[in-house]
Trainee: 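Quick one: the structure is below, and I'll ask about it shortly.
This one's a predicted model, so the numbers in the text were calculated from it and none came from an experiment.
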Amino acid sequence: MKKALITGITGQDGPWLAKRLLDKGYEVYGTARRNSVRNFYGLEYVGAVGKVKIIDMDLLDYSNIHDTLISVKPDEVYNLAAQSFVGASFKQPISTTLTNSLGVAYILDIIKTFLPKTKIYQASTSELFGKVVESPQNERTPFYPRSPYAISKLYSHWMMINYRESYDIFATCGILFNHESELRGKEFVTRKITQFVAKNSLGDKEVLKIGNLNIKRDWGYAKDYVEGMYLMMQSDKPDTFVLSTGVSTTIRQFTELAFSVIGKKLRWEGEDATEKGYDSETGILLVEVDPEFFRPAEVDMLCGDSKKAHEILNWHPKTTVEELSRKMVEHDIQLLNSV
Ligand code: NAP
């Protein structure tokens with residue numbers, strides 16, 4: 001039985017990946033850092049509570065990582081743990097860097113020194129492309145990161161490549177474009193929208209305050225993307241792969257899709273910082289741009305090209321952005337109805 005260790009098991013991707021690996025017959029270990037209130041909703045949601053062995057591990061603590069890796073001796077490490085929210089990285093650039101950069105250097109060095117046969121997957125990100133120099137973006141597109149988050153991930157991305165080339169370690173990077181799901185963190189824009197729409201469908205009268213509606217992202221479904229992570233680790237050699245849908249959608253369009261799930265159509269007025277969205281039938285204000293949510297430096301548009309993953313891994317995303325927004329809104333309505 002192969003052993004996999006997933007860091008960041010309390011996040012969005014950890015539980016989906018854990019379920020996938022359990023189904024493949026792996027013994028799965030998941031790491032969680034110490035919190036005042038532990039939340040394993042994700043593992044519950046995918047039906048993996050009690051099946052994943054939970055270990056306390058903080059990426060800021062070298063000896064903790066060392067002891068964890070040495071005691072588990074995993075065949076595969078999936079490093080998903082990170083401070084992953086771009087907005088927070090502008091406010092907490094140092095802790096973001098320590099976790100996302102140094103944490104990866106710790107893991108790599110422990111693998112190099114003590115467990116050279118252990119494979120490692122690093123969660124790299126489309127945010128590396130930032131102010132894009134070409135579109136769509138693929139594995140050869142130059143990087144231009146635009147946030148402390150992206151810059152911290154640039155360091156870990158290159159450390160992975162450096163350890164792969166220098167020490168012959170199976171260090172693979174997935175440059176994943178945005179992927180969402182029912183388990184998406186509540187501060188991320190897609191989930192903020194779907195939660196708002198769910199509340200609105202149950203009669204809530206609040207107005208959705210949101211940042212730049214014009215930015216475009218390539219949104220896929222997390223469950224499809226963890227399959228890509230698994231496939232990368234089964235490949236003959238370590239490499240770097242882009243996972244994306246190739247379809248880019250504005251936040252305005254995603255908002256429209258989410259409202260359409262509850263049968264509402266939006267009418268937009270104004271533009272940029274003054275733009276507002278009204279219920280086209282009743283004229284009630286539903287959405288309002290609030291410059292408070294603008295980023296100091298924005299990534300205007302991302303759109304991925306996953307030809308390499310299609311050809312080498314036979315990986316293909318299955319879920320459209322329409323299906324994704326429906327799944328998220330329906331799940332948020334169900335959650336509200338269950339309290
Ligand atoms: P997420 O929901 O934000 O989960 C991050 C996980 O990392 C959580 O379990 C969090 O624990 C943990 N963590 C944070 N700081 C830590 C630390 N110092 N030590 C140990 N654990 C720590 O992220 P996700 O959406 O699952 O994404 C997984 C990975 O893919 C992340 O590295 C992210 O940057 C990357 N990525 C995500 C996307 C996307 O669209 N989702 C796209 C590209 C790349 P707590 O619960 O205690 O906070």
Side-chain angles (χ1 to χ4, degrees), residues 12 16 41-42 45 85-87 126 177-225 244-295 298-304 317-339:
Q12 169 186 251
W16 291 117
Y41 174 75
Y45 186 73
F85 190 51
V86 171
S126 55
F177 280 62
N178 290 63
H179 47 281
E180 320 293 307
S181 74
E182 303 90 310
L183 302 180
R184 189 52 146 154
K186 293 180 178 166
E187 71 276 41
F188 289 87
V189 70
T190 51
R191 189 74 195 284
K192 182 172 158 180
I193 295 167
T194 63
Q195 281 182 310
F196 178 88
V197 169
K199 280 203 246 161
N200 183 274
S201 77
L202 300 180
D204 192 278
K205 301 266 183 292
E206 237 184 284
V207 175
L208 172 62
K209 305 247 184 196
I210 200 158
N212 189 341
L213 286 166
N214 298 319
I215 68 165
K216 290 178 107 175
R217 289 290 181 273
D218 178 331
W219 277 300
Y221 187 37
K223 196 174 169 188
D224 295 345
Y225 283 46
S244 63
T245 67
V247 177
S248 198
T249 306
T250 61
I251 293 190
R252 184 184 300 96
Q253 288 166 325
F254 190 91
T255 311
E256 289 169 357
L257 286 174
F259 271 105
S260 73
V261 176
I262 62 164
K264 289 193 178 173
K265 202 163 176 275
L266 291 174
R267 174 172 54 78
W268 299 100
E269 277 181 21
E271 56 183 57
D272 300 327
T274 61
E275 191 162 1
K276 292 184 169 58
Y278 298 89
D279 184 326
S280 67
E281 224 167 76
T282 62
I284 292 173
L285 178 65
L286 295 173
V287 185
E288 187 168 41
V289 170
D290 184 344
E292 194 202 315
F293 297 106
F294 290 178
R295 302 262 158 84
E298 190 53 271
V299 172
D300 294 327
M301 93 84 92
L302 293 171
C303 185
K318 299 191 182 82
T319 313
T320 64
V321 68
E322 288 82 6
E323 289 162 343
L324 172 67
S325 58
R326 174 167 293 279
K327 276 179 200 294
M328 292 174 72
V329 170
E330 287 177 351
H331 171 255
D332 282 330
I333 294 176
Q334 209 181 333
L335 269 185
L336 286 173
N337 281 328
S338 66
V339 285

Trainee: My understanding is that only residues two or more places apart in sequence, or in another chain, count here; which of them pass side chain to side chain contact (heavy atoms under 4.5 Å, CB included) with K186?
Mentor: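 Result, side chain to side chain contact (heavy atoms under 4.5 Å, CB included) vs K186: R191, Q195.
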Trainee: Could you tell me which residues satisfy side-chain hydrogen bond (donor to acceptor under 3.5 Å, both in side chains) with Q12, sequence neighbours excluded, listed by chain and number?
Mentor: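 Scan of Q12 (side-chain hydrogen bond (donor to acceptor under 3.5 Å, both in side chains), adjacent residues dropped) gives S181.
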Trainee: Not counting sequence neighbours, list each pair that qualifies as a ring-ring contact (aromatic ring centres under 6.0 Å, His included) and has a residue in residues 184-220.
Mentor: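 For residues 184-220: F85-F188, W219-F254.
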Trainee: For L336, what residues pass the side chain to side chain contact (heavy atoms under 4.5 Å, CB included) criterion, not counting sequence neighbours?
Mentor: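 L336 satisfies side chain to side chain contact (heavy atoms under 4.5 Å, CB included) with A198, K199, L202 only.
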Trainee: Holding to side chain to side chain contact (heavy atoms under 4.5 Å, CB included), I want the full list of residues that pass it with Q253, two or more places apart in sequence or in another chain.
Mentor: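 If we apply the side chain to side chain contact (heavy atoms under 4.5 Å, CB included) test to Q253, skipping adjacent residues, the hits are T249, T250, E256.
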Trainee: For D300 and N214, does a side-chain donor sit closer than 3.5 Å to a side-chain acceptor?
Mentor: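 No, no side-chain donor-acceptor contact under 3.5 Å.
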Trainee: Find the distance between CH2 (W268) and CD (E275) and round it off to the nearest 0.5 Å.
Mentor: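 Nearest 0.5 Å value for the CH2-CD distance: 6.0 Å.
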Trainee: Go through the structure and list residues passing salt bridge (charged side-chain N to carboxylate O under 4.0 Å, His left out) with E298, not counting sequence neighbours.
Mentor: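 Partners of E298 under the salt bridge (charged side-chain N to carboxylate O under 4.0 Å, His left out) test: R217.
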Trainee: Which side-chain N or O atoms in residues 277-286 pair as donor and acceptor under 3.5 Å with protein atoms at least two apart or in another chain?
Mentor:
residue: D279; atom: OD1; partner: E281; partner atom: N; Å: 2.9
residue: D279; atom: OD1; partner: T282; partner atom: N; Å: 3.4
residue: D279; atom: OD2; partner: T282; partner atom: OG1; Å: 3.4
residue: S280; atom: OG; partner: K265; partner atom: O; Å: 3.3
residue: T282; atom: OG1; partner: I284; partner atom: N; Å: 3.2

Trainee: Please name all residues satisfying side-chain hydrogen bond (donor to acceptor under 3.5 Å, both in side chains) with D224, sequence neighbours left out, ordered by chain then number.
Mentor: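 With neighbours one apart ignored, the set is T319.
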Trainee: Return the set of residues passing salt bridge (charged side-chain N to carboxylate O under 4.0 Å, His left out) with E182 (not counting sequence neighbours), or none when no residue passes.
Mentor: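 E182 satisfies salt bridge (charged side-chain N to carboxylate O under 4.0 Å, His left out) with no residue once adjacent residues are dropped.
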Trainee: Within the 4.5 Å heavy-atom criterion, are Y225 and N178 side-chain neighbours or not?
Mentor: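 Y225 does not reach N178 side chain to side chain.
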Trainee: Would you say D218's side chain and S248's backbone share a donor-acceptor pair under 3.5 angstrom?
Mentor: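 Not a single qualifying donor-acceptor pair exists.
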Trainee: Can you name the residues that form a side chain to side chain contact (heavy atoms under 4.5 Å, CB included) with K209, not counting sequence neighbours?
Mentor: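 Partners of K209 by the side chain to side chain contact (heavy atoms under 4.5 Å, CB included) criterion, ordered by chain and then number, come out as E288, D290, F293.
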Trainee: Applying side-chain hydrogen bond (donor to acceptor under 3.5 Å, both in side chains), can you list everything that pairs with K264, at least two apart in sequence or on another chain?
Mentor: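 Partners of K264 under the side-chain hydrogen bond (donor to acceptor under 3.5 Å, both in side chains) test: N200.
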Trainee: With heavy-atom distances below 4.5 Å as the criterion, would you say the side chains of V299 and I215 are in contact?
Mentor: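 The answer is no, as the side chains (C-beta and beyond) never meet within the 4.5 Å cut-off.
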Trainee: Can you name the residues that form a salt bridge (charged side-chain N to carboxylate O under 4.0 Å, His left out) with E269, not counting sequence neighbours?
Mentor: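 Residues passing salt bridge (charged side-chain N to carboxylate O under 4.0 Å, His left out) with E269: R267.
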